[in-house]
Each structure stands twice: as C-alpha cells, then as structure tokens.
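These numbers come from the heavy atoms of this one structure, side chains and all, not from hydrogens, waters or symmetry mates.
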Protein chains: 2
Amino acid sequence: MTGTNRNAENRRTTIYDIAQLSSASPSAVSAILNGSWKKRRIAKATAERVIEIAEREGYARNLQASALRRERSNVIGMIMPKYDNRYFGAIAEQFEARARQRGLFPIITCTERDPDLEVEAAREMIGYRVEHVIATGATDPDRIARTCAAAGVRTLNLDLPGREAPSVISDNYAGARELTALILDRVGTDNGPLLFVGGRAADHNTGARIRGFRDEHAERGIELPDSHVLTCGYASEKARKALDDLDFELPGALFVNSTISLEGVVRWLRANKRRTLFGCFDWDPFAALLEDNVGMVRQDVSAMVSAIFDRLDTPLDDREEVRVPCILCHPGETDGDGAS
Amino acid sequence: MTGTNRNAENRRTTIYDIAQLSSASPSAVSAILNGSWKKRRIAKATAERVIEIAEREGYARNLQASALRRERSNVIGMIMPKYDNRYFGAIAEQFEARARQRGLFPIITCTERDPDLEVEAAREMIGYRVEHVIATGATDPDRIARTCAAAGVRTLNLDLPGREAPSVISDNYAGARELTALILDRVGTDNGPLLFVGGRAADHNTGARIRGFRDEHAERGIELPDSHVLTCGYASEKARKALDDLDFELPGALFVNSTISLEGVVRWLRANKRRTLFGCFDWDPFAALLEDNVGMVRQDVSAMVSAIFDRLDTPLDDREEVRVPCILCHPGETDGDGAS
DNA sequence: GCAACGTGCTACATCGATTGTGCACCCGAT
DNA sequence: ATCGGGTGCACAATCGATGTAGCACGTTGC
C-alpha cells in the first residue's frame with residue numbers, strides 16, 4: 001500500500017506521478033483510470049500496466065478536480081431537520097442507498113429546523129455544485145427552492161410540500177382517516193370524539209391529517225368540538241403542557257401527531273397515573289411496544305424516496321405533488337427495519 | 001435574485017463574470033469575495049462594489065475549484081453504520097454542529113455495517129480530499145485507518161477502538177458495572193445472577209461490558225455461569241431467538257446490551273406473556289418509558305464528539321484511547337433531547 | 001526635478017483531471 | 001515507393017479560484 005514515496009512530504013499521488021512511473025502521458029492515465037479509455041484507442045497492455053501501478057501507489061482520483069473539469073459534480077444534497085427519529089433516519093439511509101445506486105455522492109445536512117440554517121446549507125451545497133437538492137421536512141421549502149433556482153440547481157421537496165418545486169408527500173389525509181377509524185373502532189363509537197395532539201396548524205401535513213381526523217368523525221356522526229384538536233407544536237414538552245392545560249375530561253383515546261409529541265403524551269400519562277388508548281401518526285419500534293398503543297401510521301419511506309429519484313432526470317413540473325400511501329401498523333406485528 | 005442572464009443557458013456565475021460586470025480583475029474579485037482582500041491592498045470602495053454585484057448576481061463560489069487551488073478542502077468525513085437509533089442520530093447531529101463551528105463541511109456516510117462499503121466510503125472521501133475521517137462504530141476500523149493512512153488522511157475512531165488510530169470510546173466497563181449494580185439492587189441480591197443479552201463477544205465494547213457485568217456479580221458474591229451471557233449479536237431477531245433457545249428458567253432480570261437487542265427482548269416477553277425487570281446499555285426515549293425498565297446507560301455523545309474534535313489539530317498518538325464516562329438514566333426522569 | 005515610497009490594482013502560473021485534435025507509426029494494397 | 005486507413009498515443013486548452021510578482025500611478029522629500 002505504501003508505494004514509492006511521494007516527491008514532497010505529503011502530496012497525494014496524481015495522474016502525473018502515475019504517468020511518470022508508467023511512462024505514459026497524463027491524458028492516457030486519466031482516460032485509463034476513469035474508464036473512458038475503451039473509447040479512446042489505448043492498448044489494453046498499457047491500460048493494465050497503468051492500472052496496476054495506480055493500485056500499487058494507492059492512487060485516488062481527485063474528485064474535486066475531476067468535477068471542476070467535467071462541470072459535473074455527481075453530488076446530490078439533502079437537507080433534513082433532525083436525525084433523532086426513525087422516520088428521518090430511514091429517509092437518510094434510503095437516500096444514501098439510492099444515490100449510490102445511481103453513482104451519485106450523497107451529502108446530507110441537518111439544519112435543526114432553523115430556516116436560516118436551511119438556506120445556508122443550500123448555499124453551501126450550491127458551492128459544491130450539487131446536481132440536485134432534496135429538502136425534507138424543511139421549515140421553509142420555498143426559500144430553499146428560490147435560493148437553489150437562482151443558482152440553477154433543481155430542488156425537490158420530500159415530506160413537506162412547497163409551491164416552487166415538485167413535492168413527494170405521504171397521503172396524510174387517508175392515513176389519518178384510517179388511523180382515526182382504527183382508534184374509534186377500538187375505543188367504541190359511543191365513547192365520544194378523540195383528542196388530536198401535536199403538530200402545527202399552519203403546517204401542511206398537520207392540516208391534512210386534521211381533515212382526515214375530522215372527516216372520519218363526521219362520517220360516524222360523532223361531533224368534534226374545536227377544543228379537541230390541540231396543535232401545540234411538535235416538541236414533547238409542548239404536548240405535555242397542552243395536556244396539563246386541558247380544561248375538560250381526557251377523552252377516551254388520543255390521536256398523536258408524531259412520535260416526538262407522543263413522548264410527551266406518554267410521560268404525561270405516566271406522571272398523572274392515567275391510562276388511555278392512543279394511536280400515532282408516525283412509527284417507532286419502541287413506541288409500538290407501549291401498552292395502550294392501538295396503531296401507528298408508518299410513512300412509506302422507501303416508496304417516497306423512490307418517487308423522488310424517479311423525478312430526477314425527467315423535466316420537472318414544479319407544481320407536481322405526488323402522494324404516497326402510508327402503512328397502518330397494528331402493534332405487536334413483527335416489523336422489520338426502517339427500510340419499510 | 002435573477003441578475004443579468006448568464007452568457008450560456010445555464011452556466012453558473014464565476015469570478016470572471018463578476019470581474020467583467022464590475023470592471024475589476026478576476027484576482028481582485030476572488031480576493032474580495034473570499035475575504036482575504038483586507039490583507040491585499042484593495043480599496044474599500046472597490047470591494048463594496050464587487051460584493052454588491054456578486055450578491056445581485058447570486059454568485060456562489062465554486063468550492064471545488066477553490067479547494068483544488070488551495071490544496072485544502074475544508075471537508076471532514078464521518079463513517080457511520082446506521083442512522084436507525086438515537087445514539088447514532090445524536091452522534092451525527094453533534095458531529096455536524098461541531099464541524100460547522102470549525103468552518104469544516106461535514107460529510108457523513110452510512111455503511112450499513114458492511115466492511116467493504118466502509119472502505120469504499122473511505123476511498124470516496126479521500127477522493128474529495130477530506131482532511132480527517134472519523135470512523136464510528138466501524139466493523140473494521142483498522143482497515144479504514146490503513147486505507148486513509150496510505151492516502152495521508154488522518155483517522156480517528158469513535159465508539160469502537162482500533163489499534164491504528166486514536167480512539168474515543170465510552171467507559172463501557174464502568175457503565176456496565178453501574179447498570180448491573182442498579183439492576184441487582186432492584187431485583188434483590190438473592191434473586192440470583194442476571195442474564196446478559198446481545199452483542200458480539202469479539203466486539204471490544206461488548207467485552208468490556210461483560211467484564212463490568214461479571215465483576216459486579218463477583219463483588220456481590222453471586223455466581224455467574226457462562227450460560228448467563230448470551231452474546232447473540234445485535235439484531236433484534238437474534239435476541240428473540242436466543243431467548244427462545246434458553247434451556248433454563250428466565251432469570252429475575254436482564255442486562256440488555258443495546259436498544260436493538262432490547263427490541264427483540266421486549267417482543268419476546270410480550271409474545272410469551274412474561275414480565276421481567278431489565279436494564280439496557282443504550283438509551284432511547286420510548287424504551288425508557290417501558291414498564292419494567294430499571295435503567296438505561298446513555299453514552300455521553302456530546303463529550304465524545306468534543307474529545308474527537310479536540311484531537312484534530314494536535315499531533316496524533318495512534319495508540320491513544322480516551323475513555324468517556326457514561327450517564328446512568330433512571331426511567332421516568334425528564335430527559336432532554338439527544339444532545340445530552 | 002528626481003528618487004523613494006506607498007497605493008491599488010493586474011497578469012500569470014497553478015491546483016489535477018478531462019478531452020478534442022492531431023501526429024507518428026505500421027500494415028497492406030496498388 | 002506510395003497512399004489509405006487504422007492504431008496508439010501525446011499535446012494543449014480548459015474548468016474556476018488563488019496568490020505571488022510586478023506594473024503604473026501618485027505623493028512626498030530633498
């Protein structure tokens with residue numbers, strides 16, 4: 001692995017070094033080592049010699065130089081709010097796997113739900129001349145889209161839709177409706193309306209879920225007062241506080257809008273020694289094992305990421321909105337890993 | 001944001017474009033836009049003019065070209081097995097935050113515990129001329145270290161120690177001993193030895209934890225047969241199977257070696273309608289809420305990542321092994337987010 | 001009036017890889 | 001011996017940013 005020592009102390013081996021060692025020209029070496037030599041009238045023997053020397057010297061192509069010259073980076077970027085739950089973890093893994101499959105180098109940046117950081121991250125990615133930016137769960141997808149558009153970089157939204165780039169999102173309405181139905185079936189229809197906890201009302205996804213939640217109640221003729229929809233934000237602390245502030249009796253069961261909120265809900269139930277059935281729009285393996293958990297809606301990450309990559313090479317329609325069905329998980333089911 | 005249209009259809013703005021528009025030379029523009037102009041006899045007025053035009057044109061410095069010229073990438077890489085648990089999620093977030101603080105661009109690659117992918121990822125990072133590679137929970141840290149060393153890239157190990165690069169790891173022995181003590185205190189000393197479940201015996205961390213587990217039993221004069229240490233691997237399915245294959249009565253309490261294994265354990269308990277106290281060497285917010293959970297050992301991610309970054313600029317001692325104390329969490333405690 | 005010096009820039013080579021163009025050579029046919 | 005065609009390569013320009021070396025101009029000192 002050591003090979004001949006570099007000329008200077010620590011310079012990396014370049015095609016020029018390999019050219020000297022193999023008495024070929026740098027251009028031949030370049031062509032040979034990037035595989036394009038078969039189209040370039042180069043003798044097989046030369047190629048083999050060069051490849052062997054390159055391997056012996058531990059040559060690693062300078063991808064920055066390569067990208068610069070070819071005006072093509074082969075890098076794809078993803079902007080993501082957090083890594084702290086299974087959903088985003090699965091997205092990150094799927095994204096990496098698909099990118100690699102396509103010969104793209106994935107770069108993920110986590111922006112902690114900070115809109116300014118999101119734009120800064122986008123700018124940095126543009127600096128690296130990424131070929132696409134995927135924004136997941138972005139606080140302000142359109143600002144990212146505009147920043148990228150100004151630099152000629154195409155954006156796609158995952159999970160949260162935007163108006164200025166195509167979006168792939170879960171079918172939040174249908175998923176929420178199914179989950180509501182499941183919970184209502186379990187708790188018994190005469191046990192009144194459920195309580196919706198978590199998320200932000202302005203948030204597109206939360207909005208769609210609330211509609212599903214409402215419509216399912218309506219279909220069953222259960223009246224649902226506005227007080228039963230607590231869009232208190234996502235943080236678990238906020239869910240806890242919202243339950244503390246409740247000025248009516250805890251309903252027979254809960255519809256919790258994310259695992260983050262569910263954390264707060266379960267803590268509150270424990271602290272107050274209460275038990276209630278609940279379902280959750282989001283999936284987590286341990287949350288699935290909690291008693292009183294009626295079901296979880298798991299977003300179909302694999303299908304969503306697939307849909308994103310399918311759209312990479314076709315001309316984009318910025319208003320397109322792809323809706324991917326969710327998967328309803330009943331607790332106790334054997335469930336594989338995060339990759340759906 | 002649009003600015004004057006690019007010469008060709010879609011070329012990105014370069015310092016040459018800005019130079020033309022501002023009637024300054026490319027070198028002046030470069031110096032101005034990268035901030036080095038204050039040391040370079042350039043009039044403030046010129047700088048302001050150039051900066052304004054650059055902003056109007058939405059100029060974004062080509063970081064590939066910059067890195068190529070400066071022979072310094074400002075990129076730092078991390079190799080990570082999975083994103084599917086809180087521990088690695090927290091590491092990724094901390095790593096990104098610290099890297100940014102230092103003005104480095106973080107690149108994370110997740111290698112699905114595949115040694116070949118690990119090396120491939122390292123090679124790709126070398127191609128991008130990363131300045132350091134941090135290997136977390138790598139299957140074969142030394143192979144990564146050798147690959148990087150051959151290219152003159154420094155490696156550091158996080159979580160799993162290696163022999164060929166400095167390592168920062170949790171104090172697995174002390175943490176395991178504390179947890180064992182906690183469980184034994186809860187279950188009552190005369191309830192016999194605990195059962196250790198999960199991990200690989202060859203694994204350094206698992207080894208250290210088993211020693212702590214054993215020593216605490218020994219100190220209390222509790223005999224611990226080898227049959228009570230099930231190093232069945234990490235996957236939850238394997239833990240489940242190991243419990244199925246148990247040929248003696250389930251002990252009074254369990255020491256589970258990771259949240260992944262814990263998933264299998266809890267499923268098995270549910271499926272067999274058994275209840276046992278358990279503790280877990282790893283932390284997860286929902287697992288912390290499971291009944292019968294006596295305590296969890298949470299690795300101090302923040303301190304570990306700090307320790308890694310502290311070592312970046314000092315000359316490295318390849319045999320160094322920094323041990324960071326763990327945090328013992330009692331269930332029901334209010335616990336913040338993953339950032340410790 | 002001329003040297004000495006300071007200011008504000010520009011020119012050019014360079015980082016490493018890529019690729020279109022073109023040259024030298026060899027073989028066979030005329 | 002000469003030409004056409006094929007093979008095997010080398011040359012040089014180029015991608016965008018950077019930094020050194022140096023040029024032109026203006027001001028001051030004597």
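- Between the CD1 atom of I32(B) and the P atom of dG19(D) there is a distance of 14 Å, given to the nearest Å.
- At the phosphate of dC9(D), OP1 or OP2 sits under 4.0 Å from a side-chain N or O atom of T46(A).
- Candidate nucleotides dG16(D), dG19(D), dT18(C) were compared by shortest atom distance to the side chain of S36(B), and dG19(D) ranks first.
- Neither OP1 nor OP2 of dC15(D) sits under 4.0 Å from any side-chain N or O of N62(B).
- Contacts of T14(B) with the nucleic acid, taken as non-hydrogen atoms under 4.0 Å apart, involve only primed sugar atoms and P, OP1 or OP2.
- The shortest distance between the side-chain N/O atoms of S27(A) and the OP1/OP2 oxygens of dA10(D) is not below 4.0 Å.
- Residue Y16(A) places none of its side-chain N or O atoms closer than 4.0 Å to OP1 or OP2 of dT18(C).
- Side-chain nitrogen and oxygen atoms of S25(B) include at least one within less than 4.0 Å of the OP1 or OP2 phosphate oxygen of dT10(C).
- R69(A) contributes a side-chain N or O that forms a donor-acceptor pair with the base of dT14(D) under 3.5 Å.
- Atom pair L63(A):CG and dG16(C):P shows a separation of 14 Å (rounding to whole Å applied).
- In this model, the phosphate group of dC15(C) is not approached by any side-chain N or O of R72(B) to a distance below 4.0 Å at OP1 or OP2.
- Taking every side-chain heavy atom of R41(B) into account, dC23(D) is the closest of dC15(D), dC23(D), dT19(C).
- Heavy atoms of A31(A) sit nowhere under 4.0 angstrom from any nucleic acid atom.
- Atom CG in N74(B) sits about 16 Å away from atom C1' in dC15(C), given to the nearest Å.
- Comparing dG16(D), dG8(C), dA17(D) by their closest approach to the side chain of A43(B) singles out dG8(C).
- A straight line from CG of L68(A) to C1' of dC15(C) spans 9 Å, rounded to a whole angstrom.
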